[in-house]
Q: 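First the structure, which I've put down as structure tokens, then a few questions once you've had a look.
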There are 2 protein chains.
Amino acid sequence: METESALQVLTGLAHETRLSIFRLLVEVGHEGLLAGEIATHLEIPGTTLSFHLKNMSQAGLVVSERLGTSIRYSADFDAMNGLVSYLTANCCGGNMSACAPRKKSTRRRKATASR
Amino acid sequence: METESALQVLTGLAHETRLSIFRLLVEVGHEGLLAGEIATHLEIPGTTLSFHLKNMSQAGLVVSERLGTSIRYSADFDAMNGLVSYLTANCCGGNMSACAPRKKSTRRRKATASR
DNA sequence: TCCATTCTTCTAGTAAAATAGAAATATTGG
DNA sequence: CCAATATTTCTATTTTACTAGAAGAATGGA
């Protein structure tokens, strides 16, 4: 995965509405939902939904199929799975074990709590 | 992980500069880099870097430690790992195997736009 | 063909995020 | 205490993203 597409996937999820859409589609599984069903479920206008679905579709987060006058959308896990590999590529200069979730005993949080 | 913090993590990575920062810190490993080293490496002004590091710090993507007049930043994988679980939570109504990379499915449902 | 559905694109207005200079802050050494 | 260094916060400006109404396009039925 290239930086460009990793950014698309991240941007495709980094919005409250789009994250809701994705998780909803993840929950229902491969059969997905019709655009209208998503709009009703999340209570957002169709035009707004369409804007986000286009974004997510280009990012590879969802796939669509037309069914009559409706369009069925479903989550595509491939983009998300690829993202994780991308984020940890060349982790710790090749020493992957250092990237494993650290144990609590060795974890160190920063002392200066910003915000 | 809650939706709010998942969004913070995603937003924390969904920007070209911040993604570069994160991957750079992932590569160098636990020892991290000083803020100034990051700025030099990525060729961005210190104020811009600081803006992004604050963002990422609040998202839990990086941790910092002061070393004299410098501040050392390093990647924290916990937030990213938690994100993946969050994204696939309740996947396919509990049928996790359905989330594995899929084969070409011809399954199809009747187009009823009810609800 | 004409019409009702369903969804998308167009468009313009609104909101949010990013940039970077100037000023401020924390630290250490003299 | 003062100066030098590294970084952050403040601020204004610019850029990008989101929203949603109106209009347009695809589909299937009568």
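Naming convention: chains lettered A, B, ... in sequence-line order (proteins, then strands); numbering from 1 in each chain. Everything quoted here is computed from the prediction, not taken from an experiment.
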Q: Does Thr48(B) place a side-chain N or O at less than 4.0 Å from the phosphate oxygens OP1/OP2 of dA20(C)?
A: yes

Q: When you check the phosphate oxygens OP1 and OP2 of dC18(D), does a side-chain N or O of Arg18(A) lie under 4.0 Å from one of them?
A: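 The answer is yes; a side-chain N or O of Arg18(A) sits under 4.0 Å from OP1 or OP2.
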
Q: Rounded to whole Å, how long is the line connecting atom CE of Met56(B) with atom C1' of dA18(C)?
A: 15 Å

Q: Phe51(B) CZ to dT14(D) P: how many Å, rounded?
A: 17 Å

Q: Using a 4.0 Å heavy-atom cut-off across all strands, classify Ser50(B) as base, sugar-phosphate, or nothing.
A: base

Q: Please tell me if Thr69(B) has a side-chain N or O lying less than 4.0 Å from either OP1 or OP2 of dA26(C).
A: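 Result: no.
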
Q: Over how many whole Å does the gap from Leu53(A) atom CG to dC18(D) atom C1' extend?
A: 14 Å

Q: In whole angstroms, how far is the C1' atom of dA26(D) from the CZ atom of Arg72(A)?
A: 18 Å

Q: Does a side-chain N or O from Arg66(B) land closer than 4.0 Å to OP1 or OP2 of dT27(C), or not?
A: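 The answer is yes; a side-chain N or O of Arg66(B) sits under 4.0 Å from OP1 or OP2.
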
Q: Using a 4.0 Å heavy-atom cut-off across all strands, classify Leu34(B) as base, sugar-phosphate, or nothing.
A: sugar-phosphate

Q: Students often get this wrong, so: under 4.0 angstrom with heavy atoms, is Gly46(A) touching a base, only sugar-phosphate, or nothing?
A: base

Q: Taking all non-hydrogen atoms of both residues into account, name the closest pair between Glu65(B) and Arg72(B) and its distance.
A: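 Nearest heavy atoms, Glu65(B) then Arg72(B): OE1-NH2, 2.6 Å.
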
Q: Select one nucleotide: of dT7(D), dT8(C), dC18(D), the one nearest the side-chain heavy atoms of Ile71(B).
A: dT7(D)

Q: Does a nitrogen or oxygen in the side chain of His52(A) sit under 4.0 Å from OP1 or OP2 of dT19(D)?
A: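 Yes.
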
Q: Report the nucleotide, chosen from dC18(D), dA6(D), dA20(C), that has the shortest atom-to-atom distance to any side-chain atom of Pro45(B).
A: dA20(C)

Q: If you compare all heavy atoms of Tyr86(B) against all heavy atoms of Glu2(B), which two are closest, and at what distance to 0.1 Å?
A: CE1-C, 3.9 Å

Q: Between Lys54(B) (NZ) and dA20(C) (P), how many Å, whole number?
A: 18 Å

Q: Leu67(A) has an atom CG; how far is it from atom P of dA26(D), in whole Å?
A: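 Checked: the CG to P distance equals 17 Å.
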
Q: For a quick test of reading the model, state the closest non-hydrogen atom pair linking Asp78(A) to Asp76(A) and the distance between them.
A: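 So the two residues come closest at N-OD1, 3.0 Å.
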
Q: OP1 or OP2 of dT8(D) versus the side-chain N and O atoms of Tyr73(B): is any pair under 4.0 Å?
A: yes

Q: Checking only heavy atoms, does the side chain of Thr47(A) share a donor-acceptor pair with the base of dA20(D) at less than 3.5 Å?
A: yes

Q: Over all heavy atoms of both residues, which pair between Ala59(B) and Ala79(B) is shortest? Give the atoms and the distance, please.
A: O-CB, 3.8 Å

Q: Shortest non-hydrogen contact from Leu49(B) to Ala35(B)?
A: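 In this case the closest contact between Leu49(B) and Ala35(B) is CD2-O, 3.1 Å.
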
Q: Could you tell me the separation between the CD atom of Glu37(A) and the P atom of dT6(C), rounded to a whole number of Å?
A: 11 Å

Q: Specify the separation, in whole Å, of atom CD of Gln58(A) and atom P of dA17(D).
A: 12 Å

